[in-house]
Amino acid sequence: MNGLVVKNTGSWYHVMYKVNVVVACKMKGNLRLQEIKSTNPIAVGDLVNFELNSDGTGVIYEICERRNYIVRRSTNLSKQAHILAANIDLVVLVATINYPATSLMFIDRFLASAEAYGVKACLVFNKIDLYNSEELKYLAAVQFLYEHLGYDVFKLSAHQPDSLIELINFLHSKTSLFSGNSGVGKSTLINYIAPTSFAKTAEISTYHNKGMHTTTFSEMFQLKHGGSVIDTPGIKGFGVIDMVDTEIGHYFKEIFQASKRCRFSNCTHTNEPNCHVLYEVENHTISASRYQSYLSMLTDNEHGKYR
Ligand SMILES: Nc1nc2c(ncn2[C@@H]2O[C@H](COP(=O)(O)OP(=O)(O)O)[C@@H](O)[C@H]2O)c(=O)[nH]1
Ligand SMILES: [Mg+2]
Ligand SMILES: [Zn+2]
């Protein structure tokens, strides 16, 4: 049978195979693994083939080919990746100006990672009910910067339902991954816009629920009128595997655009002569904050952080 993985508890995969029918599955021991080494070979969003056991659980024996997948930024130097989600249409960065503060560098790294994965990204600024006039002014400037680059930017409050309509419409019929620092309101937002957990809609044998720290795993929620949202608890950022220095600039849209006019095709836009990126930074047609974020990723890359 064929189904969609909607939740991963660490030892069980919850697979939805009919509308609102979910079965808890284990992975077959000799499952043929896909291209990357990961701590979780099967991820939320995966389409899988499984067999039903007589006790009502299932065994996954095949993962269908992924359209894409997103990996968590590794917290140690091991090469083992952790797949956050597979087959997604959109990544949503939930951020707040000061509750807690989200730096532009964090935003730029998120956007660059999304570009590297080839997945569309958008920004959601939550908790606008708390912002004072200074913070609102700053947010307007941030919005201008990112909209100018072609990203959709939403300003809203999870506590003000009317402010969510635009985002809800935007998410319609897409599979979206929510990411962002803890405390920015991801779960509150998801709870409002997608109150139904796929995993909770069906009765699942209860014995596998004991002692599970489910909060560290991704889970998919159902939008009322089609589409879904994946919550990723406790995720600081995405990891991008094997980027070479000259590639990083490709993931900053405006830097990539300007780089076509650099003298050297392998220009790193740091100290090369006739670098058009540096020219645009000096002329303020590329924002200083974006360029700083680019430089910080370049420096991290030298130290192997993205490998
Ligand atoms: N004032 C205000 N508080 C919010 C808003 N959204 C979430 N919160 C609060 O922020 C805290 C963290 O929210 P939570 O959804 O757990 O954040 P997560 O860690 O990103 O999932 C909770 O106390 C929420 O009630 C909002 O729009 N306005
Ligand atoms: Mg949460
Ligand atoms: Zn250059």
Side-chain angles (χ1 to χ4, degrees), residues 7-8 44 72 84-85 91-102 106-107 110 123-132 135-136 139 154-168 176-195 197 199-200 213-221 229-238 244-283 285-286 290-292 294-295 297-298:
K7 186 173 179 173
N8 165 9
V44 170
R72 178 172 67 193
L84 288 175
V91 288
V92 178
L93 180 66
V94 183
T96 44
I97 296 298
N98 275 329
Y99 310 96
T102 305
F106 185 82
I107 292 173
F110 172 89
L123 303 177
V124 167
F125 286 92
N126 187 29
K127 305 200 190 183
I128 55 165
D129 56 303
L130 299 178
Y131 299 2
N132 62 30
E135 290 163 338
L136 286 171
L139 175 57
F154 298 88
K155 300 184 288 192
L156 47 82
S157 163
H159 291 175
Q160 297 169 342
D162 283 352
S163 72
L164 307 178
I165 292 168
E166 212 188 328
L167 177 66
I168 291 172
S176 306
L177 177 71
F178 274 45
S179 183
N181 283 318
S182 110
V184 295
K186 294 181 296 296
S187 300
T188 310
L189 268 174
I190 289 175
N191 193 41
Y192 187 83
I193 64 182
S197 159
K200 281 177 198 133
H213 41 102
T214 50
T215 49
T216 55
F217 294 93
S218 306
E219 179 169 359
M220 189 181 270
F221 298 86
V229 166
I230 301 169
D231 196 2
T232 52
I235 303 305
K236 273 240 177 283
F238 299 156
V244 298
D245 279 2
T246 48
E247 239 176 334
I248 294 176
H250 296 189
Y251 306 130
F252 287 72
K253 291 181 183 186
E254 73 283 42
I255 291 179
F256 180 58
Q257 198 54 37
S259 72
K260 293 173 182 167
R261 296 173 66 184
C262 293
R263 182 196 290 179
F264 303 111
S265 62
N266 61 350
C267 187
T268 61
H269 325 304
T270 48
N271 48 27
E272 292 90 343
N274 292 50
C275 169
H276 196 74
V277 172
L278 287 171
Y279 171 83
E280 290 213 22
V281 173
E282 276 154 28
N283 281 279
T285 46
I286 287 180
R290 292 276 294 169
Y291 182 65
Q292 284 308 318
Y294 164 74
L295 287 184
M297 285 187 73
L298 205 59

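A quick note: this is a predicted structure, and the numbers were derived from the prediction, not measured. All ligand and atom numbering here is 1-based and tracks the order in the structure.
- Applying the 6.0 Å contact sphere to OH of Tyr279 captures no more than 12 heavy atoms from other residues, nucleotides or ligands.
- The ligand atoms of ligand 1 that sit less than 4.0 angstrom from a heavy atom of Leu130 are 1 (N).
- An N or O contact shorter than 3.5 Å is missing between Ser182 and ligand 1 by distance.
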For this session: Determine, stepwise, if the pair Leu156 / Leu189 fulfils side chain to side chain contact (heavy atoms under 4.5 Å, CB included).
Result: CA-CA 10 Å; Leu156 47 82; Leu189 268 174; 3.8 Å; yes

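- Residue Glu166 qualifies as open at atom CD: its count of foreign heavy atoms under 6.0 Å is 12 or below.
- The SG atom of Cys275, the Zn ion (ligand 3) and the ND1 atom of His269 define an angle of 110° (nearest 10 degrees).
- The single protein non-hydrogen atom nearest to atom 6 (N) of ligand 1 is Asn126 ND2, 3.1 Å, given as residue, atom name and distance.
- The Mg ion (ligand 2) does not have Thr188 among its coordinating residues (no N/O/S atom, backbone or side chain, under 2.8 Å).
- Separating the CD atom in Gln160 from the CD1 atom in Ile165 is a distance of 12.0 Å, to the nearest 0.5 Å.
- Between Ser176 and Val92, the closest heavy-atom pair is CB-CG2, 4.2 Å.
- Computed with the Zn ion (ligand 3) at the centre, the Cys262 SG to Cys267 SG angle is 120°, stated to 10 degrees.
- For the residue pair Ser187 and Asp231, a side-chain donor N or O sits within less than 3.5 Å of a side-chain acceptor on the partner.
- Per-residue contacts place Asp129 under 4.0 angstrom from the following atoms of ligand 1 (heavy atoms of the residue considered): 1 (N), 2 (C), 26 (C), 27 (O), 28 (N).
- For the pair Leu156 and ligand 1, the shortest N or O to N or O distance does not fall below 3.5 Å.
- In terms of heavy atoms, Ile230 sits closest to Ser218 at CG2-CB, 3.9 Å.
- Looking only at protein heavy atoms, the nearest one to atom 9 (C) of ligand 1 is Lys127 NZ, 4.0 Å.
- With Ala158, Ser187, Gly183 as candidates, the residue nearest to atom 12 (C) of ligand 1 on a non-hydrogen basis is Gly183.
- The closest side-chain heavy-atom distance from His269 to Cys262 is below 4.5 Å.
- Scanning the protein heavy atoms around atom 17 (O) of ligand 1, the nearest turns out to be Gly185 N, 3.1 Å.
- Which parts of ligand 1 touch Ser157 is read off a 4.0 Å heavy-atom cut-off, strictly below it: atoms 26 (C), 27 (O), 28 (N).
- Comment: Glu254 engages Arg290 in a salt bridge, judged by a side-chain N to carboxylate O separation of less than 4.0 angstrom.
- Atoms of ligand 1 found under 4.0 Å from any heavy atom of Thr188 (numbered from 1 in listed order, with element): 7 (C), 13 (O), 14 (P), 15 (O), 24 (C).
- Nearest non-hydrogen protein atom to atom 3 (N) of ligand 1 is His159 CE1, 3.2 Å.
- Ring-plane geometry between Tyr294 and Phe252 is classed as perpendicular, the angle between the planes exceeding 60 degrees on a 0 to 90 degree scale with a lower cut at 30.
- Contact annotation for atom 23 (O) of ligand 1: protein absent (non-hydrogen atoms, distance under 4.0 Å).
- Between Gly180 and ligand 1 there is no heavy-atom distance shorter than 4.0 Å.
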